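One structure below.
Because the structure is predicted, anything quoted here is derived from the model rather than measured. What's counted below: heavy atoms across the whole structure, side chains too, no hydrogens, waters or symmetry copies.
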Amino acid sequence: MSQNYKDTLNLPRTDFPMKANLAAREPEMLKAWEEAGIYRQIQKSREGRELFVLHDGPPFANGDVHMGTALNKILKDFVVKSQTMLGKRAPYVPGWDCHGLPIEYKVVKESRELSPLEVRKKCEAFARKFIDIQRKQFKRLGVFGDWEHPYLTMDPKYEAEILRALAVFVEKNLVYEAQKPVFWSTGAQTALAEAEVEYQERDDTAVYVKFPVVGGARSPNALANTSIAIWTTTPWTLPANLAIAVDAKENYVVQEFEVVHASDSLRGESAGADSGESRNRDGRTTLVLAEKLIPRFSAATGLQPVGKPLASFPGADLEGVKARHPFLDREVPIFTAGFVTMDSGTGAVHIAPGHGADDYVLGRKHNLPILSPVDDHGRYTDEAGLPNLTGKYVFDANADIVELLRERGTLLGEEKFHHSYPYCWRSKTPIIFRNVDQFFIRIDALRGRALQAIHEEVKWIPAWGENRIAGTVESRPDWVISRQRSWGVPLPVFYRAGHLSASSSEERNRDGRATSEAILDPTVIRKLADLVAQHGSNIWFEWDDAALAKEVGLPLGTTKGTDTIDVWIDSGVSHKAVCAVHPELRDPADMYLEATDQHRGWFQSSLMTSIALNNRAPYKMCVTHGFVVDVDGKKISKSGTYEKPTAADHFVGKYGADLLRLWASSIDYTTDVPFSEEIFTRLGDTYRRIRNTLRILLGNLHDLPNTRSSRADPAHAGEVEGARDETLKVAHRDAKPGLAASGAASTLVGTTLVDRWILERLDEVIATCRSAYEKFEFHKVYHAINQFCAVDLSSLYVDITKDRMYCDAPNSPRRRATQMAMREVFEALCSLLAPVLVFTAEEAWRYSAVAGIADAGQPGSVTPVTRSVHVQEFPQTQGRGREAIEQVEELLRLRGIIGQAIEQARQEKVIGNTLEARVVLNSDSDVTQKISKEELEEFFILSDLTIQQAKEASASVTKTPYEKCARCWRHRPSVGTSKAHPDLCDRCESVVAGADAT
RNA sequence: GGGCCUGUAGCUCAGUUGGUUAGAGCAUGCGCUUGAUAAGCGCAGGGUCACUGGUUCGAGCCCAGUCAGGCCCA
């Protein structure tokens, strides 16, 4: 009999599925959005609003979207969607970085022997393919934007802007030409990037060489008649030697050595006759070298120390000392440098600024010429100062150099040295470091203003970003903007007739600088830019020199260069090529948002170009996020012994995009971002909690008449039974449009403490979330909403109001009041969640809109998208205060005391179900006097409560003597008093009787 | 090796200008419910705040160092 009563309850009803099935459902939603053009609709809805420009840093069009890229795009989408829902117009124009070595490398690897033009065409196809792949994957993540009109750095119009920017740099005298050593393949006669270098094992002749000390300002007396001993595995670089480097802190000694036994390696010593001052009469020699390396030196050369060191001092004391080149008429200075190591050699490093990266930097620091007397094929030029060897391949010349050292008596020893050495991946020839003409941007001209902008004009999130970028800007050397590559925007340099080659040594002066043949002319560059805008940059490769020269107004015989522009210029001018010219955007942008590596990358390159062009930063704010790391805090690629999937697609397919987004919202992105399968499993629980909360709210709202719109959904019109509900008529009449309507909910007849409380709490959650969104602290949104759903709603509000929701008459005032509150909560939750759970929020929103629960948007429009949750604005707080919150906090304290007493009673088997308990509460709070006993019983979810005021709070539990109501399951004194329904309490009896009557 | 940053329960995060017994959600264990049911509710256990030293009446918080990790340089 009792089971019949189930039909008289108002149980929750909704079609909103409990199981999300995101992987299957999300694509359907995407399709609907796409068909409706949701991005355009959103932009339209914000016409005339305050503008917020998040400018997209272009990812490289190469490979699949991995977790790091996904995190970046999702965070950007959080910003764009939340700014939109805060009421602003926040357009999002995504972009791709298209040029650059990684693509060119892959293309060339696949098919060799291609002309530059063929390489470029294949590169473009490659880039376009991955743009399509990534675009699909980004869209799948629920990221809204102008995906059909992204900016591409290889678009002719974009390329033209790069060139125009360069014209300005040239005009402002920021560009100069100089030389810099690069990896050079003598086999392919081309510069190589680090990625194109492969290492092979190789035997070389390593030599110990002495540089006789000739004095110097701070030279200690002890250095008279001594020589600095150096060691090198590349004797062929000695003609380019211009200095020696030592470590400042390591200890160096002046030590006498003697020959202990004759050996091949010492032929140089025995033959040496005129080596001069460092040689003692008795065949001994006095050398300066690092103390630590003496044993190794002795073992390699057979020279044994004689007695104690004559002097001992830190390397810093050698700074400024001069030594004579072992075979050229040249004095070379000694410097201290950080890169000197003590694992091999003598602690004194031979420096050839034209043949090594460290050497080059040190040489620049001390204004040494950058000498590199080697041609494209790796043959000595006459600049080497060794006429006999001019034209000889340097690796073949090693033996000649050793012989020369021996002749001059400066060879201390030689040894076979086995090491790994860089080789050209294509020609398989050993690589050399060699000078090539390069173009630079003068950073010193921009540095001061850049630092000022960093410190005074840009907001950095997190704040330490300011320190970080300032540090890199302070120490950054001049910017090398030329690349010896094919896949890039051509560097618009022409050469006057007669110029041989961009890298030919013959054209250089003695100090290693190129004779200035290059034409860098702003007018010419701008003409070229116009041509490129029209035809694309391939014309540089397709048109011959004469045609190009004619078009840009240069005389016949002018030739074009072959370099391309550094891709960091490409992306670095996006503020000019995109923000400044796109009708929906603005330069400066409000925000750039990238991973922390971009402090040195895009943030800096963009800042420099913007200072150069506009004398200001291109952004008002830079936000950075950390890298995705494994659960043990290690970089994903480094952890574990097996390959773990890192492609975003894998996780989207397994868990759904909303889960990825929930993950992105749950973490504090300012530091390393932890990521693991376990984290995803936990997030699934959180997700289900949020989803079920939305679902129970929807279920409880199924019979709430639509008071928002005069246009009832015809499909559900018959269900709007509450139209005759007096309470709601009051509510409706007082209601103002939009969310203000719900302000009436808390003053409705029938409103109880819990309703006031949940709405006050909602106010707090709205305030927290709005503030967190405004400050881009998304994980605070996550935690606030999670807490609200799990604690306030699920375990309290929904649980407490179940009795009235299920058992009261459908239109009882307190039930309707609760529904009004629930509707407000539901709408607010959907909106606040929408930037994160883009699919789920929309899905719930649709179910509610169909049921006439949520705000249906503009009346008269039937397009579902115009009702999309993503067009909504975040709810505003209603200024409800904290009165109910404070009361509930008191009650929750008492609830804990009751809970413990009940738990004990349950363990003692006094009761099973909580509703069987008779509770006597000794309350120390005055709240229990202000709130009616009936409300308190409901709040504590009890059948039988007695309150007594006391000094100390306590509770006692016995089994209630009352009978259980067959309908509401509470044990009430009124059960049995009705003749018609003796198994019901009075409340349920009247509800059932009332229903029978209609 | 240098610059910047991070380290609080198994997981994700709170923890205000130093001030009671370091909080929350999830997870775990034990119960209850079966009218949110591939759900819901209650209770409980779980932390040397990475480590060491210092300043202080008092340190998760301030200082120094160590260890581990990240990004960028070298």
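B:A36 has no stacking from A:Tyr806 on its base ring, since the centres under 5.5 angstrom apart and planes within 30 degrees of parallel are not both found.
When each of A:His971, A:Arg918, A:Arg970 is tested with A:Tyr962 by the rule side-chain hydrogen bond (donor to acceptor under 3.5 Å, both in side chains), just one qualifies, namely A:Arg918.
Backbone-only contact: A:Ile667 has heavy atoms under 4.0 Å from sugar-phosphate atoms and none from a base. Using a 4.0 Å heavy-atom criterion, one finds that A:Asn692 contacts the bases of the nucleic acid, with or without backbone contacts as well. When heavy atoms are screened at a 4.0 angstrom cut-off, A:Ser795 is found touching the sugar-phosphate backbone but no base atom. Counting non-hydrogen atoms under 4.0 angstrom, A:Arg691 reaches nothing in the nucleic acid. A:Gln900 comes within 4.0 angstrom of the backbone, heavy atoms only, and of no base. A:Ser666 comes within 4.0 angstrom of sugar-phosphate atoms only, judged by non-hydrogen atoms across all strands, and of no base.
Taking atom CD1 on A:Ile679 and atom C1' on B:A27, their separation rounds to 13 Å, with Å as the unit. Taking atom CZ on A:Phe680 and atom P on B:C26, their separation rounds to 20 Å, with Å as the unit. Rounded to whole angstrom, the span from the CD atom of A:Gln904 across to the P atom of B:A44 amounts to 12 Å. Residue A:Tyr782 contributes atom OH, which lies 11 Å from atom P of B:U12 at whole-angstrom precision. Counting to the nearest Å, the P atom of B:C26 and the CD atom of A:Glu677 are 22 Å from each other. Remark: C1' of B:G35 and NE2 of A:His702 are 13 Å apart, rounded to the nearest angstrom. Rounded to an integer number of Å, the gap from A:Lys959 NZ to B:C32 C1' is 14 Å. Computed from coordinates, the A:Arg967 CZ to B:G35 C1' distance equals 11 Å when rounded to whole Å.
Here A:Arg689 reaches the OP1 or OP2 of B:C26: one of its side-chain N or O atoms lies under 4.0 Å away. A:Ser794 has a side-chain polar atom (N or O) that falls below the 4.0 Å cut-off from OP1 or OP2 of B:C41. For A:Lys19, no side-chain nitrogen or oxygen approaches OP1 or OP2 of B:A38 to under 4.0 Å.
For A:Glu678, whose side chain is taken as the heavy atoms from C-beta onward, the closest listed nucleotide among B:G10, B:A36, B:A14 is B:G10. Out of B:C73, B:G25, B:A27, the shortest distance to the side chain of A:Asp685 is found at B:A27. Of all nucleotides listed (B:C26, B:G69, B:U37), B:C26 comes nearest to the side chain of A:Ala790. With distances taken from any side-chain atom of A:Asn913 to the nucleotides B:G70, B:A14, B:U33, the minimum falls on B:U33. Set against B:A14, B:G70, B:G42, the side chain of A:Val629 has B:G70 as its closest nucleotide. Listed nucleotides: B:C4, B:U12, B:A39. Nearest to the side chain of A:Pro674: B:U12.
Classified by interplanar angle (parallel below 30°, tilted 30° to 60°, perpendicular above 60°), the ring pair A:Tyr797/A:Trp757 is tilted.
For the pair A:Leu683 and A:Arg695, nearest-nucleotide mapping onto RNA chain B gives the more 5' position to A:Leu683.
Neither side chain, A:His599 nor A:Thr596, offers a donor N or O lying under 3.5 Å from an acceptor on the other.
Proximity of the aromatic rings of A:Phe675 and A:Phe680 is defined here by a centroid distance below 6.0 angstrom, and this criterion is met.
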Please walk me through it: do A:Tyr669 and A:Thr624 pass side-chain hydrogen bond (donor to acceptor under 3.5 Å, both in side chains)?
CA-CA 8 Å; A:Tyr669 61 77; A:Thr624 52; over 6 Å; no

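Under the Watson-Crick or G-U wobble criterion, with both distances below 3.5 Å, B:U56 is left unpaired in every strand shown. The partner of B:G47 is absent, by the rule that a Watson-Crick or G-U pair needs both atom distances under 3.5 Å.
Between the side chain of A:Arg468 and the base of B:C71 there is at least one donor-acceptor pair of N/O atoms closer than 3.5 Å.
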